[in-house]
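Positions are given from 1, in the same order as the sequence printed here. The structure presented is a predicted model; accordingly, all values stated were derived computationally and were not measured.
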Amino acid sequence: MSLEESPITCNGFQSNASCDGSGEVFTNKDEAIHKMSCKPYKIVFNEKFGRCLVATRNLKPGEIIFGEKAAIVGPKQGCRPCCLKCFTSLDNVASLFRCPGCNFPFCQEQCAKSPEHATECVVLSRARSCISINDMSKPHPVYQCITPLRGILLKTTQPKLFEEFSGLVHHNDLRRQTQMWRIYQVNVVQFLRKVCGLANEFSEEDIHAACGVLDVNAFEIRLPGSKRQQILGLFPTGSMMSHRCVANTHHVIDSNTYEMTVRASVAIKKGEQLFTTYTLPLDGTNDRRSVLRQSKMFECDCPRCSDPTECLTFLSALRCPRCPIGIMLPIQPLEENETQWQCSPCSHQLDAAVVTQLIDQLKDEFENIGPKDVEKLEEFLSRHASSLHPNHFLFTSARQSLSQLYGRDENYLLNTLKMEQLERKISICQQLLSVADVVEPGLTRVRGVTLYELYAPMLLLAKRTYEAGHCTLAEFKERIVAVEAILSEATQILLLEDAASTEGAVCAVQALDQIRRWIASI
């Protein structure tokens, strides 16, 4: 069944009593109708978070909380030229089709003639002489206006949806002082009002508000097979989930239908707020708070950001340069530009500026490493082991890459790995899980992918150990059963992901079937 057809059972319903979810009272004959309509969340107002969502009953990990189709989908700011219908990157399209109305390039004629483009084409065609997009390998500023334009055009095409859109937070008062405001003023506001002739329909404030709504509320949608081209989707209900750097929900967006499915990633109790995360959970506190400050216009003071140890993961911690066991942590993590960093055993301190300079240098070094350079990634981990905590976010990022390169890179294919390299891959995956399970807990993509990477080296190591006569048949079978449990969980998680994504579960399902048949035959 599709999401719309899948009933959400109300666990709080009791005949002739009030529902825990909606608070309404029903008789026996209304039970079936009620079970189909009762939602496991409600919208409330909170002084700190504004409108937000709270659970109306206990939720289990993996349980669907809601599904929602995007109200608006469009190019992300700063993207390269793409098809305005299917968002295919145009740098590899051999034969482009230019829309006869607005002169925007499309991947094919069918996309240019789609109903979705018709309304915006009327507006963009007024600027036809100004639209000249020829270099498909570089971002073009005209694409900055597309998604905001789609938002404001809802006023005439879908008035009720426009009310929802315009009612979302835009933070114009805060954004007015930013560099992005000035960029939008030229590339979006002036372009749409003066060049495209919308001055009589929308004020400058209206269009800036549309840009702000998208910046603050929209979600990125990953397109299959492309790491560069990302698009934005606006989901009115999804946008009301508040941010926390350790979330209790996980969302998947279907890259074909642009439908968002939000699930509980961990157990959520009735009355608890539903949180998503707007940042990369494996980043350090300073980077996460900087992203939120610049894009979402708020200072995050969640429990993780407020904790110098980041929930005992030490993702931002340094090694003390003075004592062999010391760990340097910020004394006041919410004051990242002013706080001193201090070693707990010896009390040695560093200025925030010194720490920032060190991390910036290491970031530059790390970013200059090729995406598939196993040797340099390993060298980076080894060379800076005396400066950074083993769980530091730069090391964690390196392990993420290595967890997939060992076994996949042409120089490190799985069957060619030596015993110590198999053990290295296992160790890397386990270290990665120890951090991810804290800051991105439950049924999340990073756990599913890492478990999938973990099962293969464990299986091969067990097989080689048994064939070398270093373990008994019973011990071998015990190790294979443990591997099967790991692969089973990975498959369960990956089946929740977008089927078109690179983390699709097809290979995991096949591998799980094979290993189960193998266990049965031992």
Side-chain angles (χ1 to χ4, degrees), residues 2-3 68-154 156-158 161 187-188 191-192 195-198 210 214 218-235 252-261 497-504 506:
S2 68
L3 271 178
E68 180 180 24
K69 189 161 181 131
I72 302 168
V73 180
K76 182 182 177 181
Q77 303 300 339
C79 75
R80 297 184 181 188
C82 62
C83 176
L84 296 185
K85 170 62 171 66
C86 66
F87 306 108
T88 297
S89 180
L90 299 179
D91 53 356
N92 292 320
V93 177
S95 181
L96 298 173
F97 180 83
R98 301 272 176 179
C99 174
C102 63
N103 202 38
F104 262 86
F106 286 77
C107 67
Q108 57 180 323
E109 183 177 357
Q110 183 179 355
C111 285
K113 293 183 176 180
S114 65
E116 294 89 342
H117 178 59
T119 306
E120 66 192 32
C121 185
V122 174
V123 176
L124 295 171
S125 62
R126 301 168 193 163
R128 191 180 192 283
S129 60
C130 302
I131 298 174
S132 178
I133 305 167
N134 298 310
D135 188 346
M136 305 301 157
S137 65
K138 297 180 180 179
H140 195 290
V142 75
Y143 282 89
Q144 292 180 15
C145 79
I146 299 299
T147 314
L149 174 60
R150 291 178 177 181
I152 61 177
L153 288 178
L154 292 174
T156 53
T157 60
Q158 299 185 65
L161 195 55
N187 295 344
V188 182
F191 180 78
L192 291 179
V195 184
C196 294
L198 294 180
L214 292 166
F219 289 78
E220 287 188 357
I221 301 176
R222 301 187 305 161
L223 298 176
S226 175
K227 293 184 178 180
R228 286 198 310 249
Q229 197 72 34
Q230 291 178 315
I231 58 178
L232 294 178
L234 184 74
F235 302 86
V252 174
I253 302 175
D254 189 300
S255 56
N256 292 315
T257 65
Y258 308 128
E259 287 185 79
M260 171 190 279
T261 302
E497 296 296 316
D498 178 12
S501 72
T502 54
E503 298 89 9
V506 175

**Q** Using the ring centroid of each side chain, check whether Y258 and F219 are separated by less than 6.0 Å.
**A** no
**Q** Please check if the side chain of D498 supplies one atom and the backbone of S255 the other of a donor-acceptor pair under 3.5 Å.
**A** yes
**Q** What I'd like to find out is whether the side chain of L149 reaches to under 4.5 Å of the side chain of L198, using heavy atoms alone.
**A**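 When only atoms from C-beta onward are counted, L198 and L149 do touch, with a gap below 4.5 Å.
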**Q** Hey, could you give me the CG/CD1 distance between L154 and I72, rounded to the nearest 0.5 Å?
**A**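 Interatomic distance, L154 CG to I72 CD1, rounded to 0.5 Å: 4.5 Å.
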**Q** Crowded around Q110 CD? As in, over 12 foreign heavy atoms under 6.0 Å?
**A**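 No, because the 6.0 Å sphere around CD of Q110 holds 12 heavy atoms or fewer from other groups.
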**Q** In this structure, which one of L232, L84, V142 forms a side chain to side chain contact (heavy atoms under 4.5 Å, CB included) with P75?
**A**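 Testing P75 for a side chain to side chain contact (heavy atoms under 4.5 Å, CB included) against L232, L84, V142 leaves exactly one candidate, L84.
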**Q** Is there a side-chain contact (heavy atoms from CB on, under 4.5 Å) between I133 and K138? Walk through the geometry before answering.
**A** CA-CA 10 Å; I133 305 167; K138 297 180 180 179; over 6 Å; no
**Q** To the nearest 0.5 Å, how far apart are CG in L223 and OG1 in T88?
**A**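 Reported to 0.5 Å precision, the distance equals 8.0 Å.
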**Q** Roughly how far, to the nearest 0.5 Å, is the CD atom of Q77 from the CG atom of L214?
**A** 8.0 Å
**Q** Going by ring-ring contact (aromatic ring centres under 6.0 Å, His included), name the pairs with one or both residues in residues 118-140, residues two or more places apart or in two chains.
**A** none
**Q** So, for V93 and C107, which heavy atoms are closest and what is the spacing to 0.1 Å?
**A**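 The answer is CG1-O, 4.0 Å.
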**Q** Please report the shortest heavy-atom distance between C79 and Y143, naming the atom on each side.
**A**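 Between these two residues, the closest heavy atoms are SG-CB, 4.3 Å.
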**Q** Pair E259, N256 - check side-chain contact (heavy atoms from CB on, under 4.5 Å), show working.
**A** CA-CA 8 Å; E259 287 185 79; N256 292 315; over 6 Å; no
**Q** Closest heavy-atom contact between L124 and C102?
**A** CB-CB, 3.7 Å
**Q** Only pairs at least two apart or in different chains count here, so list each salt bridge (Lys or Arg N to Asp or Glu O under 4.0 Å) that has a residue in residues 128-137.
**A** none
**Q** Okay, side chain of N103, backbone of I131: is any donor-acceptor separation there less than 3.5 Å?
**A** yes
**Q** For F97 versus Q108, what's the shortest heavy-atom pair and its separation?
**A**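 For F97 versus Q108, the nearest heavy atoms are CB-C, 3.8 Å.
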**Q** What distance separates K76 NZ from C82 SG, expressed to the nearest 0.5 Å?
**A** 12.5 Å
**Q** Would you confirm whether the ring centroid of F106 sits within less than 6.0 angstrom of the ring centroid of H117?
**A** yes
**Q** Measure the CG-OG1 distance between L153 and T119 for me, rounded to the nearest 0.5 Å.
**A** 6.5 Å
**Q** If you look at every heavy atom in V188 and Q144, which pair is closest and at what distance?
**A** CG2-O, 3.6 Å
**Q** Return the minimal non-hydrogen interatomic distance between G74 and R150, and the atom names on each side.
**A** CA-NH1, 3.8 Å
**Q** Just do the side-chain contact (heavy atoms from CB on, under 4.5 Å) check on T147 and V73 with the steps written out, would you?
**A** CA-CA 7 Å; T147 314; V73 180; over 6 Å; no
**Q** Within this structure, what is the CD-OG1 distance for the pair Q158 and T156, rounded to the nearest 0.5 Å?
**A** 9.5 Å
**Q** Keeping R80 on the side-chain end and S137 on the backbone end, is there a donor-acceptor pair under 3.5 Å?
**A**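 Side chain of R80 to backbone of S137: a pair is present.
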